[in-house]
Every structure is written in C-alpha cells, then in structure tokens.
Amino acid sequence: MNTNKMKVTKQQIIKIHTLLPIEVKEDKELKKSIIAQYTGSINLTSTADLTFKQANELIDLLKPKKNNSFSADADIKRKRIIYYAHKMNWQNEDNKVDIDRINDWCIKYGYLHKPFMKYTNKELTALVQQFHKVYLAFLKSI
C-alpha cells in the first residue's frame with residue numbers, strides 16, 4: 001500500500017482539526033495558509049487535499065510536545081510577529097494581516113530562512129527579536 005498516493009481519511013481530518021489551535025480554526029484564511037505552507041503548495045489549502053502520509057505527518061507535528069512549533073508559547077510568539085506586521089500595515093485586500101508576506105519575509109530574511117510555521121518555539125524567540133528590529137526600523141522611518 002503506497003501511502004504517498006492514498007487520500008486523507010475522515011478520521012485524520014477530524015484529528016487535525018482537533019489539534020489545531022483555536023485561532024487557526026476560527027480564521028479560514030490562516031488555516032488555508034498554514035496548510036499551503038506545510039505542504040509547500042499554494043494549490044493545497046484544505047485538509048481534504050492532503051495525502052494519507054501528509055496528514056499523518058501534520059498530526060505528528062501538531063501533537064503537543066516539547067519545542068513543538070504549535071505550542072501555546074510558540075503561538076504567543078507568532079501572535080507577536082503578527083501584531084508587528086499589523087502595525088506596519090502588512091494587510092491583504094481583506095484587511096487581514098498578510099500571512100503570506102510574513103512567510104515570504106521569514107524565508108528571505110528570517111535567520112533560519114524557513115517558513116513562518118516551521119519555526120519551533122525555541123527558534124521563534126530569536127525570530128521575534130529579529131522582527132521587532134524590523135518594526136522599530138519601520139517606526140523610525142515614519
């Protein structure tokens with residue numbers, strides 16, 4: 001049985017939605033962005049689009065564990081970056097924070113050059129400090 005080709009199961013979708021932070025569940029655009037970032041494809045934005053293997057990997061990633069990138073502490077750090085982005089007017093046409101822009105910035109300028117949601121709790125500490133410097137530079141330019 002090739003799990004790379006098998007479609008996600010209903011049980012896997014339920015498990016993923018159970019493990020997602022409440023803020024992600026309530027913001028459909030953020031959820032789509034997270035799925036797209038995780039899969040590395042802008043065309044895959046729904047848990048129903050995942051393969052069996054991708055779903056299992058995402059479930060493992062979402063399960064609470066030390067230094068998990070979805071821990072409550074990591075969530076607070078991500079929200080700090082989103083707050084700074086909002087203050088710098090990084091919004092999309094729906095007037096919501098442009099998560100894709102944050103993600104692109106993290107890949108291009110973030111100290112580890114990886115997607116926003118791939119930073120672990122420990123790594124996010126330095127990323128928040130780095131993004132705070134960008135925010136301070138923005139304030140000075142006003």
Side-chain angles (χ1 to χ4, degrees), residues 3-142:
T3 58
N4 289 331
K5 302 274 186 206
M6 287 178 50
K7 292 292 287 173
V8 62
T9 66
K10 187 174 182 176
Q11 292 80 12
Q12 287 175 308
I13 292 172
I14 291 168
K15 183 71 171 176
I16 290 168
H17 286 264
T18 302
L19 294 169
L20 284 172
I22 190 76
E23 297 82 9
V24 175
K25 288 185 225 181
E26 291 175 352
D27 187 337
K28 289 181 182 180
E29 290 305 311
L30 178 58
K31 183 179 151 243
K32 286 180 181 181
S33 178
I34 289 170
I35 298 295
Q37 290 172 33
Y38 170 73
T39 61
S41 172
I42 60 170
N43 298 324
L44 297 177
T45 59
S46 170
T47 51
D49 296 333
L50 299 173
T51 66
F52 184 87
K53 182 179 178 188
Q54 286 173 323
N56 276 341
E57 290 170 355
L58 185 55
I59 289 167
D60 287 341
L61 179 69
L62 292 171
K63 283 182 183 173
K65 55 185 156 257
K66 191 174 182 180
N67 281 331
N68 187 333
S69 61
F70 283 95
S71 71
D73 195 33
D75 189 49
I76 290 168
K77 292 171 186 173
R78 279 198 187 83
K79 285 180 181 176
R80 174 64 59 183
I81 290 171
I82 292 168
Y83 168 80
Y84 291 140
H86 175 73
K87 289 296 195 180
M88 293 187 297
N89 298 314
W90 286 20
Q91 282 119 355
N92 57 26
E93 57 276 353
D94 296 330
N95 211 25
K96 293 185 179 182
V97 172
D98 191 345
I99 297 295
D100 291 334
R101 185 172 177 184
I102 294 171
N103 188 58
D104 292 344
W105 182 90
C106 289
I107 293 168
K108 189 170 183 179
Y109 301 109
Y111 79 106
L112 293 177
H113 302 283
K114 63 184 187 178
F116 183 47
M117 298 306 292
K118 297 285 185 176
Y119 279 84
T120 65
N121 182 35
K122 187 174 180 179
E123 295 165 346
L124 278 165
T125 302
L127 186 67
V128 169
Q129 292 170 350
Q130 183 183 9
F131 205 83
H132 184 253
K133 290 177 184 177
V134 171
Y135 174 66
L136 292 176
F138 168 79
L139 290 177
K140 286 181 182 177
S141 70
I142 295 177

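Side chains included, hydrogens not; waters and symmetry mates left out as well; all remaining heavy atoms used.
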Salt bridge flag under 4.0 Å for residues Lys79 and Asp75: yes
Decide yes or no for Ile59 and Lys15: does some side-chain heavy atom of the first lie under 4.5 Å from some side-chain heavy atom of the second? yes
Gap separating the CD1 atom of Ile81 from the NE2 atom of His86, nearest 0.5 angstrom: 16.0 Å
Which atom of Ala48 lies closest to which atom of Ile13, heavy atoms considered: CA-CD1, 3.9 Å
Enter the distance from Gln54:CD to Lys7:NZ here, rounded to the nearest 0.5 Å. 9.0 Å
Spacing of CG belonging to Leu124 relative to CD1 belonging to Ile76, to within rounding of 0.5 Å: 11.5 Å
List for me each residue that meets ring-ring contact (aromatic ring centres under 6.0 Å, His included) alongside Phe116, sequence neighbours excluded, and say none if there are none. none
So do the side chains of Lys118 and Glu123 get within less than 4.5 Å of each other, counting heavy atoms only? no
Side-chain touch Glu29/Ile99, heavy atoms, less than 4.5 angstrom: no
What is the distance from atom NZ of Lys77 to atom CG of Asn121, rounded to the nearest 0.5 Å? 3.5 Å
Note, Tyr84 side chain near Trp90 side chain (heavy atom, < 4.5 Å): no
Output the distance between atom CZ (Arg101) and atom CG (Asn92), rounded to the nearest 0.5 Å. 11.0 Å
Determine all donor-acceptor pairs shorter than 3.5 Å in which one atom belongs to a side chain in residues 126-140; sequence neighbours excluded.
residue	atom	partner	partner atom	Å
Gln130	OE1	Tyr111	N	3.0
Gln130	NE2	Tyr109	O	2.7

Is there a side-chain contact between Gln12 and His17, using heavy atoms and a 4.5 Å cut-off? no
Return the OG to NZ distance between Ser46 and Lys28, rounded to the nearest 0.5 Å. 11.0 Å
Kindly check if the number of other-residue, nucleotide or ligand heavy atoms within 6.0 Å of CZ (Arg80) is above 12? no
How far apart are the closest heavy atoms of Pro115 and Ile107, and which atoms are they? N-CG1, 3.7 Å
For Thr47 and Val8, the nearest pair of non-hydrogen atoms, with its separation, is O-CG1, 3.3 Å
Do the non-hydrogen side-chain atoms of Leu50 and Ile35 ever get within less than 4.5 Å of each other? yes
Is the charged tip of Lys114 near the ring of Tyr119: under 6.0 Å from the six-membered ring centre and within 45° of its axis? yes
Check: Ile14 and Lys10 side chains under 4.5 Å, non-hydrogen atoms: yes
